[in-house]
Amino acid sequence: QVQLVESGGGLVLAGGSLRLSCAASGRTLGNYLMGWFRQAPGKEREFVATITWIGGSTYYADSVKGRFTISRDNAKNTVYLQMNSLKPDDTAVYYCAARRGLRVAVRSDEYDYWGQGTQVTVSS
């Protein structure tokens, strides 16, 4: 089992920044892919970014490329999502997820474990 706990959400003005954290526990995550997803009210959960624990290979949705950066701290078993130049359209609940394997995965049903989510609200 893998437990994931997100933190760092909040209210920010458009153009501002936030950093989300996802603390992982429960087992060794060496062969896992970590992902961030988000879900706005009335919309489906959508892919944001992924990173592999081994090697730190990253992949981003086009909508956040150049603004968001995913990273990980292996020693702390924590994944981060640095979000810059935030827009009102980025408002959503952000979820951390994990799946076995290192292949890039952008569908939520490909992930095995999920955190409880953290709210990000961007006001104009």
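All heavy atoms count here, side chains included; hydrogens, waters and symmetry mates do not. Note that this is a predicted model, so its numbers are computed, not measured.
- Here the closest non-hydrogen pair linking Ser124 and Ala14 is CA-CB, 4.3 Å.
- Without hydrogens or angle criteria, Arg67 side chain to Ser85 main chain gives a donor-acceptor distance under 3.5 Å.
- Residues Tyr94 and Met83 form a side-chain contact, since some pair of their non-hydrogen atoms from C-beta on lies under 4.5 Å apart.
- One hydrophobic cluster, built from ILVMFWY side chains closer than 4.5 Å, holds both Ile51 and Val48.
- For the atom pair Leu18 CG and Thr118 OG1, the distance stands at 9.0 Å (nearest 0.5 Å).
- Panel note: side chain Arg19, backbone Gln82; no donor-acceptor pair is recorded below 3.5 Å.
- Residues Val120 and Thr91 fail the side-chain proximity criterion, which asks for heavy atoms closer than 4.5 Å.
- Rounded to the nearest 0.5 angstrom, Ser57 OG and Arg103 CZ are separated by 14.5 Å.
- Atom-to-atom distance recorded for Thr58:OG1 and Arg72:CZ is 10.0 Å, nearest 0.5 angstrom.
- Not one N or O on the side chain of Ser63 forms a donor-acceptor pair closer than 3.5 Å with the backbone of Ala61.
- Put simply, CH2 on Trp114 and OG on Ser108 are 5.0 Å apart, with the number rounded to the nearest 0.5 Å.
- Rounding to the nearest 0.5 Å gives a distance of 11.0 Å between CD of Gln3 and CG of Asn77.
- For the pair Thr78 and Trp53, the tightest heavy-atom approach, listed with the atom from each and the gap, is N-CH2, 3.5 Å.
- Of the charged side-chain nitrogens involved, at least one lies within less than 4.0 Å of a carboxylate oxygen, so that Arg107 and Asp109 count as a salt-bridged pair.
- A salt bridge does not link Lys87 with Asp90: every distance from a Lys NZ or Arg NE/NH1/NH2 to an Asp or Glu carboxylate oxygen is 4.0 Å or more.
- Closest approach of Asn84 and Ser17 over heavy atoms only: OD1-OG, 2.9 Å.
- The closest donor-acceptor contact from the side chain of Tyr111 to the backbone of Ala105 lies under 3.5 Å.
- Transitive grouping of hydrophobic side chains (ILVMFWY, heavy atoms separated by less than 4.5 Å) brings Tyr95 and Val106 into a common cluster.
- Put simply, the side chain of Cys22 reaches to within 4.5 Å of the side chain of Trp36, judged on heavy atoms.
- The hydrophobic clustering, which links ILVMFWY residues whose side-chain heavy atoms are closer than 4.5 Å, places Val122 and Val64 together.
- With Thr50 contributing its side chain and Val104 its backbone, the two residues share no donor-acceptor pair below 3.5 Å.
- Counting heavy atoms of neighbouring residues, nucleotides and ligands inside a 6.0 Å radius, atom CD of Glu44 does not exceed 12 of them.
- Although no hydrogens or angles enter the test, the distance criterion places no donor-acceptor pair under 3.5 Å between the side chain of Glu6 and the main chain of Ser21.
- The cluster map of Ile, Leu, Val, Met, Phe, Trp and Tyr, joined by side-chain heavy atoms under 4.5 Å apart, puts Leu81 and Tyr59 in different clusters.
- Not counting sequence neighbours, Tyr32 has no partner by the ring pair (Phe, Tyr, Trp, His ring centres under 6.0 Å) test.
- Atom-to-atom distance recorded for Phe68:CZ and Arg38:CZ is 5.5 Å, nearest 0.5 angstrom.
- Side-chain contact check for Val79 versus Ile70: some heavy-atom pair is nearer than 4.5 Å.
- In this structure, Phe47 has its ring center at least 6.0 angstrom away from the ring center of Tyr60.
- Connection of Tyr80 to Leu20 is not established within any shared hydrophobic cluster, with ILVMFWY side chains joined at heavy-atom distances below 4.5 Å, either directly or through further cluster members.
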Take Leu4 and Met34, measure what side-chain contact (heavy atoms from CB on, under 4.5 Å) needs, and give me the verdict at the end.
-> CA-CA 10 Å; Leu4 303 172; Met34 304 300 295; 3.8 Å; yes
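- With sequence neighbours excluded, the residues satisfying side-chain contact (heavy atoms from CB on, under 4.5 Å) with Leu11 are Thr121, Ser123.
- In this structure, Asp112 contributes its side chain and Arg100 its backbone to a donor-acceptor pair below 3.5 Å.
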